Amino acid sequence: MKNINLINAETRITFIFLRLKKKAKLAMTVAVSFFVILTGLTLGLLFYTQSQVAKKKDQISQLTDKIKSFEKNESYVITITDRVKGISPVLNERGPVKEILSDLVKLSVPGFSLQSFTADSSKVTIKAYCQDLAALTNFNARLEDLSQEKRYRNIYYSSVSKISGNNYLIVVEIEV
Amino acid sequence: MSSDLDYFLKKREIYMPAAVISFVLLAFFIFILPKVKGVLSMRAGLKKQSQEISRLSQKLADLQTLSEGELYGAAEILLRALPAEKDFYQAVNLIKSIFQKYGVRVVSFSLSPGNLSESGIPMPIKLLFFSRLAETANLVAELERSLPLLTVSSLALNNASATASGTLQDLEVELIVKSYAEPLPKVLPAVDKPLPKISNKDRQTIEDMRKFISYTAEEESSVSEVGSVVLGRENPFPF
């Protein structure tokens with residue numbers, strides 16, 4: 001009986017061993033196949049990517065060479081944009097002195113005599129004589145026309161005073 | 001002995017696959033994984049390269065559309081408007097040319113050029129002269145539409161006779177004019193840098209500058225006195 005039991009156990013072990021052997025063989029085959037496929041794919045992808053990188057590198061170098069041949073144009077563009085950047089604030093900074101002066105010419109009615117005129121970027125002061133009331137009225141009419149144009153923030157008489165005879169001394173301030 | 005060999009041979013059929021699987025795993029981590037990582041990083045690099053190619057192609061296309069002659073003309077006029085170096089002599093000569101054009105004599109002028117190598121700061125020039133109002137208006141207008149750029153920053157007119165009966169014929173004019181210079185850009189053309197765009201506003205500025213009156217060196221020299229030997233630079237206001 002003992003012997004029979006022993007044979008059974010040995011057979012069982014043999015079966016287990018055979019099954020294990022089969023599984024191990026299968027696992028090895030799968031692992032090796034997987035490794036081979038993966039290696040093949042990786043190497044294939046690696047060579048393909050390397051060739052793509054080289055191709056793009058070549059393309060970049062060709063483009064770079066072409067761009068370099070336009071270096072002169074690029075330096076002109078840099079100069080142009082830089083100069084415009086410098087010129088724009090100069091043009092924006094300009095006060096309306098030119099315009100005010102031409103307005104002053106229009107304001108110069110007969111009998112109007114300029115005493116002084118000061119202008120900076122924010123304010124203009126006109127000090128003048130009007131030889132009679134008619135000159136003052138005419139000047140005032142033109143000043144009102146100018147005010148109607150609304151080109152200046154504020155136009156006002158700082159003072160009007162009658163001096164010797166029919167002469168009037170007027171001080172007009174224009175806020176720019 | 002024979003049973004030991006049998007046992008080993010039997011076990012080998014288990015150990016061998018285990019050893020091969022271990023080797024495969026080891027090879028995967030040592031050989032394949034770094035290569036896969038390499039491929040992934042290369043693909044990321046490819047994406048960057050594609051972006052660079054499209055950027056460079058765009059830059060090349062932009063550069064190809066620009067005409068060298070037009071650009072040269074624009075750069076030249078803008079450099080004439082805003083010189084790269086502070087040149088007070090040129091500014092004074094320009095003012096002199098304009099005053100001569102209007103037949104106005106400058107009584108006095110003063111300026112402090114400061115450090116000549118230091119550009120970028122406007123240089124004020126103070127002028128004193130006698131003129132009529134209409135003439136002064138024209139003069140100021142001309143000063144502000146000449147190249148190199150000048151800006152009238154302040155103006156004071158005084159009746160020279162200073163009486164109620166004074167006319168507009170004799171005005172004492174005190175004028176402060178600013179002259180400008182700005183150093184050239186330090187940025188050099190570089191392939192990897194984007195091409196600055198010339199906007200419509202920039203084009204408008206170029207067109208505006210073309211309408212300005214350019215006082216060239218030849219014009220300036222034609223109005224300056226010739227024949228006298230001077231040390232250094234000629235006095236632009238010899239009166």
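Residue numbering restarts at 1 for every chain, and letters A, B, ... go by the order of the sequence lines. On a predicted model such as this, the values are computed, not experimentally measured, just so you know.
Here V39(B) is the residue among V39(B), V36(B), V173(B) with the most heavy-atom pairs under 4.5 Å with chain A. Interface summary for chain B: among K127(A), K85(A), E93(A), the most heavy-atom pairs under 4.5 angstrom belong to E93(A). Here V90(A) is the residue among T81(A), L91(A), V90(A) with the most heavy-atom pairs under 4.5 Å with chain B. By number of non-hydrogen pairs under 4.5 angstrom with chain A, the leading residue of L139(B), L143(B), I32(B), L157(B) is L157(B). Across V191(B), D192(B), T151(B), L155(B), the residue that shares the most heavy-atom pairs under 4.5 angstrom with chain A is L155(B). Here P185(B) is the residue among P185(B), A75(B), A134(B) with the most heavy-atom pairs under 4.5 Å with chain A. Across L149(B), L66(B), D62(B), the residue that shares the most heavy-atom pairs under 4.5 angstrom with chain A is L149(B). When each of S154(B), P196(B), A74(B), A18(B) is checked for heavy-atom pairs under 4.5 Å with chain A, P196(B) comes out on top. Chosen from V53(A), T79(A), T39(A), L38(A), the residue pairing most often with chain B at heavy-atom distances under 4.5 Å is V53(A).
For I206(B), the part sitting under 4.5 Å from any heavy atom of chain A is the side chain, from C-beta outward, and nothing else. At a 4.5 Å heavy-atom cutoff, L169(A) makes no contact with chain B through either its backbone or its side chain. Heavy atoms of K57(A) lying under 4.5 Å from chain B belong to its backbone as well as its side chain. Contact annotation for F34(A): neither backbone nor side-chain heavy atoms come within less than 4.5 Å of a heavy atom of chain B. Residue T205(B) touches chain A through its side chain alone, counting heavy-atom pairs closer than 4.5 Å. Heavy atoms closer than 4.5 Å to chain A are found in the side chain of K178(B), but not in its backbone. With a 4.5 Å cut-off on non-hydrogen atoms, A27(B) touches chain A through its backbone and its side chain both. For chain A, the nearby parts of F28(B) are the backbone and the side chain; heavy atoms of each come within less than 4.5 Å. Neither the backbone nor the side chain of E99(A) comes within contact range of chain B, judged by heavy atoms closer than 4.5 Å. Residue contact with chain A, scored on non-hydrogen atoms closer than 4.5 Å, is absent for E174(B).
Minimum interatomic distance between M28(A) and I21(B) (heavy atoms only, all atoms of both residues): N-CD1, 3.7 Å. The shortest non-hydrogen separation linking A24(A) to P17(B) is O-CB, 3.2 Å. Summarising the geometry of S102(A) relative to A137(B), their closest heavy-atom pair is N-CB, 4.5 Å, with the distance given to 0.1 Å. Scanning all heavy atoms of the two residues, the minimum distance from T118(A) to A156(B) falls at CG2-CB, 3.9 Å. Shown here for A81(B) and I87(A), the closest heavy-atom pair between the two residues is CB-CD1, 3.8 Å.
L195(B) contributes atom CG, which lies 7.5 Å from atom CD1 of I78(A) (distance to the nearest 0.5 angstrom). Interatomic distance, K37(B) NZ to T42(A) OG1, rounded to the nearest 0.5 Å: 13.5 Å. Taking CD from E172(B) and OG from S116(A), the interatomic distance works out to 11.0 Å, rounded to the nearest 0.5 Å. For the atom pair CG (L40(B)) and OG1 (T49(A)), the distance works out to 9.0 Å, reported to the nearest 0.5 Å. Note that CD1 of I80(A) is 11.0 Å distant from CD of E76(B), once rounded to the nearest 0.5 Å. Atom CZ of R55(B) and atom CD1 of I67(A) lie 8.0 Å apart (nearest 0.5 Å).
Proximity to chain B among residues 68-77 of chain A is limited to K68(A), F70(A), E71(A), K72(A), N73(A), E74(A), S75(A), Y76(A), V77(A), judged by heavy-atom separations below 4.5 angstrom.
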- prompt: Can L60(B) and Q62(A) be said to form a side-chain contact (heavy atoms from CB on, under 4.5 Å), step by step?
  reply: CA-CA 11 Å; L60(B) 183 65; Q62(A) 275 178 15; over 6 Å; no
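The neighbour count for Y156(A) OH, taken as heavy atoms of other residues, nucleotides or ligands under 6.0 Å away, is above 12. Counting heavy-atom neighbours within 6.0 Å of Y48(A) OH, excluding the residue itself, gives a total of 12 or less.
Evaluation of the salt bridge (charged side-chain N to carboxylate O under 4.0 Å, His left out) test over residues 137-155 of chain B, restricted to residues two or more places apart or in two chains, returns K101(B)-E142(B), E142(B)-R145(B). For residues 30-50 of chain B, the set of pairs meeting the ring-ring contact (aromatic ring centres under 6.0 Å, His included) definition, not counting sequence neighbours, is empty.
Counting heavy atoms from C-beta on, the side chains of S108(A) and L133(B) come closer than 4.5 Å.
Only one option out of L104(A), V105(A), L101(A) pairs with T136(B) in a side chain to side chain contact (heavy atoms under 4.5 Å, CB included); it is L101(A).
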Only distances under 3.5 Å count here; give the side-chain donor-acceptor pairs of residues 42-53 of chain B to other protein atoms, sequence neighbours excluded, each with its distance to 0.1 Å.
unit_1 : atom_1 : unit_2 : atom_2 : d
S50(B) : OG     : K56(A) : NZ     : 2.8
S50(B) : OG     : L46(B) : O      : 3.0

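At distances below 3.5 Å, at least one donor-acceptor pair connects side-chain atoms of R83(A) with backbone N or O atoms of E182(B).
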